[in-house]
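Heads up, the thing below is written out as structure tokens.
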Amino acid sequence: MRDVRVRFAPSPTGNLHIGGARTALFNWLFARHNNGKMILRVDDTDLERSTGDSMKAIIDGLKWLGIDWDEGPIYQSKRLDLYKNYADNLVKEGKAYYCFCTKEELDEMRNEAQKAGKPPMYTGKCRNLSADEVKKYMDEGKKYVIRLKVPKEGKTIVHDIIRGDVEFDNSTFDDFIIMKSDNMPTYNFATVIDDYDLKISHIIRGEEHLSNTPKQILIYEALGFEKPNFAHVSMILAPDRSKLSKRHGATSVQEFRDLGYLPEAIINYITLLGWIPSDGEEVFTTEKSIKEFTLDRVSKNPAIYDTKKLTWLNGIYIRNCDIDRLTKEVIPFLINKGLIGDNYDYDYIKKIVSAIREREKTLNEIADAMSYYFNDEFDYDEKGVKKYFEKNGVDNILKEAIKVLDKVDDFNLVETEKAYRDLIEKLDIKSGDLFHPTRLAISGRTFGPGLFDIMELLGKEKTIERIKKAVKYIENLKGE
RNA sequence: GGCCCCGUGGUCAAGUGGUUAAGACAUCGCCCUUUCACGGCGGUAACAUGGGUUCGAAUCCCGUCGGGGUCACCA
């Protein structure tokens, strides 16, 4: 087998969506598995729609995910001479020809074909123009494109690693354009030339390109190039089985990042959309997928992405994440929510993160769950109030709690718990009668880390202050 | 519309002629527990459909239906 060289070739017309990310990932896994090279190429021959911002977004997205490349980015727009030369040669060899048809003429052709109930194909009007005619039109300065002479008979077969052989009848293709009138190559033409020029061994791309592949093969054959191997990965669909778009919520890796997902969780998840290790274990490192990744194990079915599973995976990665890294990841979310400013106490935040992380699934959720550590003004959970604060005698229990907590000198997890346990015994109440209202008083919530963890983190002063405030609140409730 | 791809529970997904049709997420119930989460145990739930081939089909063939893609001087 020749050296493995693969490429990811986005067109810079938007950000990196999860489908593109998965295509990049599968290329990358394949390259790394085979000790091959990964090449990043930018298919920017559409001058109208290509933007630098979008390219930057795609590169950022890839880097953030940890997908790197060995060569590139290579911009097609900077290699125009290459395409032009090959196109001119094809014309010289009689394998392609100049076409001077105008947009209006083409539209008319299409309309007539439609009327006749035939597919809207180019009729080959300029296919047999004489040299004189060509010269005449050229001299007149008429705009032209270059079309490939497609054989009218025979079949073109795509040998696809994932799908097997796929046959196409050549009669279903017309003489398609390879060079546009602005001297830019069309996608199919530029792709073939670059893939050849860059010595790409395996073209791994989305299924939407499968129908284009026979055309590309026709170009390979006209040019006399050796063909690469093809593998078309199924598409990722929205939950309603339609094509992914903005209305389906987060679809780009940037959006998932802003929602608080970790890159390794996203990588793990999108790998799972079409591939699974031989042991069936669904949580795995990239080392493992690199080691095991082969194309013949890639699924043919289109996949619908399910954020629930992504979220579950993210929770696992959050729980296993290095605490310093996790803290650093959470801080921007905290700042964003206005919970902390630029001068923050890193060690304090780290302690809170470590108390909270195991019950949250995204960085965003962690930041939300941390609010009461920084913010004294919070509302009590409504259901919690009904359940715990409106119970007879809670105010007295909490008053007793204040007294015992006040006597705790070393205000830590062990000592506060000891004080509480003693109080429960003394008052002869159930632990929940004290724990639940206290939790609500100091955090406003009915769930969260262990009660004494919260107390220790909050410190004596704030803990007691908040319980006092809750007592007042409860007395107010009774007064009404 | 022509051509092409795909069709196993709500979702991902094992399975390649003989299985009680795995597993994971989600969902439901129970257990653990000061709460929530984690974890553990258990439940509900699938071979799109009709014909073949075969002793025997989720697995092979054909039709139908459904979904998707593509047919541009977009990529």
Side-chain angles (χ1 to χ4, degrees), chain A residues 9-13 43-46 48-50 76 99 101 103 106 110 114 117-122 143-147 158 160 162-164 166-169 171-174 176-188 190-191 205-215 232 234-235 237 239-243 269 272-276 278-283 299-313 315-316 319 356-361 369 384 388 417 420-421 424 430-436 438-440 443 445-452:
Chain A
S11 64
T13 56
D43 285 8
D44 58 348
T45 52
D46 183 355
E48 305 262 313
R49 299 196 304 153
S50 298
Q76 289 192 323
C99 169
C101 293
K103 194 152 187 57
L106 293 174
R110 268 185 218 114
Q114 296 254 314
K118 286 181 186 167
M121 298 206 299
Y122 179 67
K143 288 226 173 201
Y144 64 88
V145 299
I146 298 178
R147 288 178 184 272
V158 179
D160 190 286
I162 296 173
R163 276 152 224 284
V166 184
E167 282 191 14
F168 295 84
D169 240 306
S171 62
T172 57
F173 306 122
D174 61 1
F176 56 89
I177 295 172
I178 55 176
M179 290 296 285
K180 308 184 221 174
S181 58
D182 60 0
N183 259 322
M184 296 292 279
T186 57
Y187 160 73
N188 283 131
T191 292
R205 72 217 322 184
E207 196 198 328
E208 67 270 27
H209 293 289
L210 182 56
S211 299
N212 273 317
T213 306
K215 291 188 183 176
H232 289 92
S234 63
M235 307 192 35
L237 268 26
D240 63 357
R241 299 205 146 267
S242 68
K243 200 171 181 175
Y269 181 68
L272 231 28
L273 252 29
W275 187 84
I276 193 165
S278 52
D279 60 8
E281 199 52 59
E282 302 196 21
V283 182
S299 164
K300 290 190 272 204
N301 317 10
I304 294 172
Y305 79 104
D306 175 17
T307 29
K308 292 220 185 77
K309 193 159 186 174
L310 205 209
T311 303
W312 163 76
L313 266 171
I316 291 177
R319 270 174 262 138
I356 274 186
R357 61 138 91 173
E358 65 189 70
R359 57 208 94 223
E360 305 300 334
K361 295 193 167 70
Y388 308 123
E417 172 153 16
Y420 256 44
R421 298 283 178 199
I424 286 163
K430 281 184 287 180
S431 56
D433 293 337
L434 175 59
F435 285 28
H436 296 313
T438 305
R439 172 184 301 282
L440 188 60
S443 74
R445 308 184 186 207
T446 57
F447 55 87
L451 184 59
F452 307 103

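Chain letters run A, B, ... following the sequence lines, proteins first, then strands; residues in each count from 1. The structure displayed is predicted, hence computed values, not measured ones.
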| query | With a 4.0 Å cut-off on heavy atoms, is A/Gly448 in touch with a base, just the backbone sugar-phosphate, or nothing at all? | reply | base
| task | Write down the distance between CG (A/Leu272) and P (B/A26), rounded to a whole number of angstrom. | result | 13 Å
| message | Both distances below 3.5 Å, Watson-Crick or wobble geometry, any strand: find the nucleotide opposite B/A14. | response | none
| query | Between A/Ser299 and B/A13, is there a side-chain N or O to OP1/OP2 distance below 4.0 Å? | reply | yes
| field | Presence of salt bridge, A/Asp306 and A/Lys309, under 4.0 angstrom | value | no
| task | Determine the Euclidean distance between corresponding P atoms of B/A57 and B/A48; express it in Å to zero decimal places. | result | 15 Å
| task | Establish, yes or no, whether a centroid distance under 6.0 Å links the rings of A/Tyr388 and A/Phe435. | result | no
| Contact state string [nucleotides 58-64 of chain B, B base, S sugar-phosphate only, - no protein heavy atom under 4.0 Å] | -------
| task | Would you kindly give the CG-to-P distance between A/Asp279 and B/A24, to the nearest whole Å? | result | 13 Å
| query | For the pair made of CG in A/Asn301 and C1' in B/G9, what is the distance, rounded to whole Å? | reply | 14 Å
| When rounded to the nearest Å, what value does the distance between P atoms of B/G68 and B/U8 take? | 15 Å
| What is the distance, rounded to the nearest whole Å, between atom CG of A/Leu273 and atom P of B/C25? | 16 Å
| To the nearest angstrom, how far is A/Ile304 atom CD1 from B/G7 atom P? | 13 Å
| query | When the P atoms of B/C12 and B/A26 are considered, how many whole Å apart are they? | reply | 15 Å
| query | Side chain of A/Arg445, base of B/U35: donor and acceptor closer than 3.5 Å? | reply | no
Between N or O atoms, less than 3.5 Å apart, protein on one side and nucleotides 38-46 of chain B on the other: list the pairs.
from: B/C38; atom 1: O3'; to: A/Arg319; atom 2: NH1; distance (Å): 3.3

| remark: In whole angstroms, the gap separating P of B/U34 from CZ of A/Arg359 amounts to 13 Å
| Expressed in angstrom and rounded to an integer, what is the separation of A/Phe173 atom CZ from B/C3 atom P? | 12 Å
| Partner of B/C41 by Watson-Crick or G-U wobble geometry, both contacts under 3.5 Å, or none? | B/G29
| message | To check you understand the geometry: which heavy-atom pair defines the closest contact between A/Thr446 and A/Arg439, and what is its length? | response | C-CD, 3.5 Å
| said: Can you work out whether A/Arg421 or A/Gly280 has the more 5'-proximal nearest nucleotide on RNA chain B? | reply: A/Gly280
| task | May I ask you to say what A/Glu167 touches in the nucleic acid, namely base, sugar-phosphate or nothing, with a heavy-atom cut-off under 4.0 Å? | result | sugar-phosphate
| message | With rounding to the closest Å, how many angstrom separate the C1' atoms on B/G9 and B/A24? | response | 13 Å
| note | Any strand, both distances under 3.5 Å, Watson-Crick or G-U wobble: B/A22 pairs with none
| note | Given protein heavy atoms under 4.0 Å, the one-letter contact record of nucleotides 65-75 of chain B, with B base, S sugar-phosphate only and - none, is simply --SSBSSSBBB
| field | Same-atom distance (C1') from B/U44 to B/G10, integer angstrom | value | 12 Å
| message | Using a heavy-atom cut-off of 4.0 Å across all strands, would you classify A/Arg163 as base, sugar-phosphate, or nothing? | response | sugar-phosphate
| field | Donor-acceptor under 3.5 Å (A/Thr186 side chain, A/Ile177 main chain) | value | yes
| request: Check whether the side chains of A/Asp240 and A/Ser242 place a donor and an acceptor atom closer than 3.5 Å, and report yes or no. | output: yes
| request: List the steps and the verdict of side chain to side chain contact (heavy atoms under 4.5 Å, CB included) for A/Leu310 and A/Tyr305. | output: CA-CA 9 Å; A/Leu310 205 209; A/Tyr305 79 104; over 6 Å; no
| Same-atom distance (C1') from B/A21 to B/U16, integer angstrom | 15 Å
| query | With a cut-off of under 6.0 Å to the ring centre and 45° to the axis, is A/Arg147 in cation-pi contact with A/Tyr122? | reply | yes
| Now, which nucleotide makes the Watson-Crick or G-U wobble pair with B/G9, with each of the two distances under 3.5 Å? | none
| request: Identify whether any heavy atom of A/Gly274 sits under 4.0 Å from a base atom; if not, whether one sits that close to sugar-phosphate; answer base, sugar-phosphate or nothing. | output: sugar-phosphate
| request: State whether the distance check finds a donor on one side and an acceptor on the other, under 3.5 Å, for side chain A/Glu282 versus base B/G23. | output: yes
| field | Rounded P spacing from B/A46 to B/U11 in Å | value | 12 Å
| task | List the steps, then state whether side chain to side chain contact (heavy atoms under 4.5 Å, CB included) holds for A/Ile304 with A/Arg241. | result | CA-CA 7 Å; A/Ile304 294 172; A/Arg241 299 205 146 267; 3.6 Å; yes
| remark: Rounded to the nearest 0.5 Å, the CG atom of A/Asn183 sits from the NZ atom of A/Lys143 at a distance of 9.0 Å
| note | From the list A/His209, A/Lys215, A/Gln76, side-chain hydrogen bond (donor to acceptor under 3.5 Å, both in side chains) with A/Tyr187 holds only for A/His209
| Between P of B/A37 and CD of A/Glu360, the distance in whole Å | 10 Å
| What distance, rounded to whole Å, do you find between the two P atoms, one in B/C31 and one in B/A13? | 36 Å
| request: First locate atom CG of A/Leu451, then atom CD of A/Glu417, and finally report the distance between them rounded to the nearest 0.5 Å. | output: 8.5 Å
| query | For B/A72, which nucleotide in any strand shown is its Watson-Crick or wobble partner with both distances under 3.5 Å? | reply | none
| field | side chain to side chain contact (heavy atoms under 4.5 Å, CB included) evaluation trace for A/Glu282 with A/Ile276 | value | CA-CA 7 Å; A/Glu282 302 196 21; A/Ile276 193 165; 4.2 Å; yes
| request: For B/U59, give its Watson-Crick or G-U wobble partner with both distances under 3.5 Å, or none. | output: none
| query | Is it the case that A/Tyr420 and A/Thr438 place a side-chain donor and acceptor less than 3.5 Å from each other? | reply | yes
| Is there a side chain to side chain contact (heavy atoms under 4.5 Å, CB included) between A/Thr191 and A/Arg205 once you walk through the steps? | CA-CA 12 Å; A/Thr191 292; A/Arg205 72 217 322 184; 3.9 Å; yes
| query | Given that both distances must come in under 3.5 Å, which nucleotide forms a Watson-Crick or G-U wobble pair with B/U53? | reply | none
